[in-house]
Amino acid sequence: MENIVNGKLFKNVMQSLNHAAELINCDPNVLVRLQHPRRSMVFSVPVRMDDGTVKVFPGYRVQYSATLGPFKGGIRYHQDVNLSEVAGLAALMTFKTSLLNLPLGGAKGGVRVNPGELSRNEKQSLTRRFTTELGPFIGPHEDIPAPDMGTDPQTMAWMMDTYSQQKGFAQPGVVTGKPVDIGGSLGRNSSTGHGVVYVAEKSCEVMSMDFTKSTMAVQGFGNVGQHACDLAHQKGCKVVAVSDVSGGIHSGEGLDIPALLEYVKENKVVKGFPGADPITNEELLELAVDVLAPCALDGVINEKNMENVKAKIIVEGANGPTTMEAGNFLSEKGVMIVPDILANGGGVIVSYFEWVQDVQNYYWDAEAVEHNMQKTITKAFNKVHKFASEEKVDTRSAAMAVSIQHLEKAMLLRGLYPR
Ligand code: GLU
């Protein structure tokens, strides 16, 4: 545990767990188990690089909880990945699936590598070797990985193929977020971003605001940010600023999102988009907008910039973007913070649907996926809002409380093995 407890993200997640446990008067014997991951694994992943040399990258998988079903959670490729961060993210997955009422546990994996520096062949070799190392611990009824930062449907296709080759027959249910042609679900790619918008809409409703007339700023223009902007724009919301690693762009009139999506397809980054002013990532977080959606890294809203944040609603598209301290400060000021475990839940909801389709060999149409995702995330939102109103607590605390209430019930019913 020494390597796990010291990371910033893990500490933050534990603080919010402990706070919620107090609110629901959680059984201390349950809480102590929720504070510890069930299994934490470290792998060495050797890869032959294109120049013929071999490099070894550290890989991780933390299987946090399997109380409610098979372990579930994404695989992250990023140069800062470490065991503690993966454990914190695996804990968040546990609280996310419980809050969303999905029959799944929580896990997360990752490799410490800068995926931008890998060629396609190197990325494929890394993925296939990592999957082989993970092989004994994953499976359609054991642990089901998915994409996260730095990984995508192609990465999942390589994982599915590697696992299937070693079993000797196709195993589509071993990962979710696959391309549709090999057992992926329609609507999975856009699910996290769309979920962010459905939650933003509901948040506006309870704050007596109209989402279709609101302004929004989105940090991160990857898979989540792009689909969130696309749907928000379609609904009439004015997306005034977006950013990525290259920096940000701003237009008081609202950005032309379809044109921006085309621009990014060609230029890879938002920088230089015509008709918009450049701003920094930091400035974007401080804009006076109705809705702020941080959809990139963790810890970006923190004690350094919290006093300058002017948004009325923060919808956490990323995992862990607001620190505990900043969250408390902003909630007290009346800002509504919809936490990651609810706000970015659209992804794992559709992952669950994908897995159901794979194990049943029966595939749904796009409308059924979208409709059921919206229904599931809205139900969770309503539960959280009810708890927050009845107990007079902020939305972040309420989400965690509702989640661990469900886990506590399940853990007490199952009991501690052997006794
Ligand atoms: N990586 C995503 C998340 O953090 C998706 C996980 C999944 O679909 O299993 O929620």
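Just so you know, residue 1 is the first one in the sequence shown, and it goes up from there. Whatever order the structure lists them in is the order used to number ligands and atoms, beginning at 1.
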Has [X] got a side-chain atom pairing as donor or acceptor with [Y]'s backbone, closer than 3.5 angstrom?
X	Y	value
Asp298	Asn319	no
Asp244	Val270	yes
Asn82	Asp80	yes
Thr323	Asn302	no
Ser403	Ala399	no

**Request:** Mind checking whether Pro147 contacts ligand 1 via backbone (N, CA, C, O), side chain (CB onward), both or neither, at a 4.0 Å heavy-atom cut-off?
**Result:**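 It is the backbone that touches ligand 1; the side chain stays farther off.
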**Asked** Parallel, tilted or perpendicular for Trp364 and Phe353, by the 30°/60° rule?
**Response**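 Ring orientation, 0 to 90° scale: tilted.
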**Message:** Is the ring pair His194/Tyr198 parallel, tilted or perpendicular, if the boundaries are 30 and 60 degrees?
**Reply:**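 The arrangement is perpendicular - the two ring planes meet at more than 60°.
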Can you sort out which atoms of ligand 1 are near [X], meaning under 4.0 Å from one of its heavy atoms?
X	value
Asn319	4 (O)
Gly74	1 (N), 6 (C)
Gly73	9 (O)
Lys108	1 (N), 3 (C), 4 (O)

**Prompt:** Tyr60: what forms a ring-ring contact (aromatic ring centres under 6.0 Å, His included) with it, not counting sequence neighbours?
**Reply:**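 Partners of Tyr60 under the ring-ring contact (aromatic ring centres under 6.0 Å, His included) test: none.
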Return the residue, atom name and 0.1 Å-rounded distance of the protein heavy atom closest to [atom].
atom	result
atom 8 (O) of ligand 1	Ser351 OG, 2.6 Å
atom 10 (O) of ligand 1	Lys96 NZ, 2.7 Å
atom 1 (N) of ligand 1	Asp148 OD1, 2.7 Å
atom 7 (C) of ligand 1	Ala146 CB, 3.3 Å
atom 9 (O) of ligand 1	Lys72 NZ, 2.7 Å
atom 5 (C) of ligand 1	Arg188 NH2, 3.6 Å

**Request:** Would you check whether Gly177 reaches within less than 4.0 Å of ligand 1, judged by its heavy atoms?
**Result:**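 Under 4.0 Å: no for Gly177.
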**Message:** Measuring from non-hydrogen atoms of Met93 to any atom of ligand 1, is the shortest distance under 4.0 Å?
**Reply:**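 It does, in that a heavy atom of Met93 comes within the 4.0 Å cut-off of ligand 1.
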**Phe95 side, atom CZ; Asp340 side, atom CG - distance, nearest 0.5 Å** =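 One gets 11.0 Å once the value is rounded to the nearest 0.5 Å.
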